[in-house]
Amino acid sequence: MAEDLEELFLDVAGDSLEKVWVDYDNTDRSLGTGGARFASSAVAGKAVSRFSGVVIEGKAIHISVEACSPQAGLSVTRVVSAGKRGRVPW
């Protein structure tokens, strides 16, 4: 769930966390991916450093910066599970 991702990133990002989401297929099942938008690329980098490769509920998550807009002060970070069938606990 997006709330779980939000809880994960709030510790690192605080007020810099602008949005989190989970990707779903057309049957409303999680694809095992999601993302977060941060107010700065520096905070996104902290999230990547802190959480990429971390195991949550038996599944490693991989985080990467997917897009960065220095002019807008935004950074979008993609979260991908390496778990069974790509599913994550959220």
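Position 1 is the first residue of the sequence, and the numbers go up from there.
Of all the heavy atoms in Ala47 and Ile63, the pair that sits closest is O-CD1, 4.1 Å. Residues Gly53 and Ala60 come closest through the heavy atom pair O-CB, 4.3 Å. Scanning both residues, Ser30 and Tyr24, for their nearest heavy atoms gives N-CD2, 3.5 Å. Ala36 approaches Val20 most closely through the heavy-atom pair CB-CG1, 3.9 Å.
Qualifying side-chain contact (heavy atoms from CB on, under 4.5 Å) partners for Lys19, counting only residues two or more places apart in sequence or in other chains: Trp21, Arg37.
One distance of note links CG of Leu10 with CG of Leu17; it measures 5.0 Å at 0.5 Å rounding. In this structure, CZ in Arg50 is found 11.0 Å from CZ in Phe9, a value given to the nearest 0.5 Å. Distance check, rounded to the nearest 0.5 Å: CZ of Phe51 to CG of Leu5 gives 10.5 Å.
Counting only heavy atoms from C-beta outward, the side chains of Ile61 and Leu8 approach each other to under 4.5 Å.
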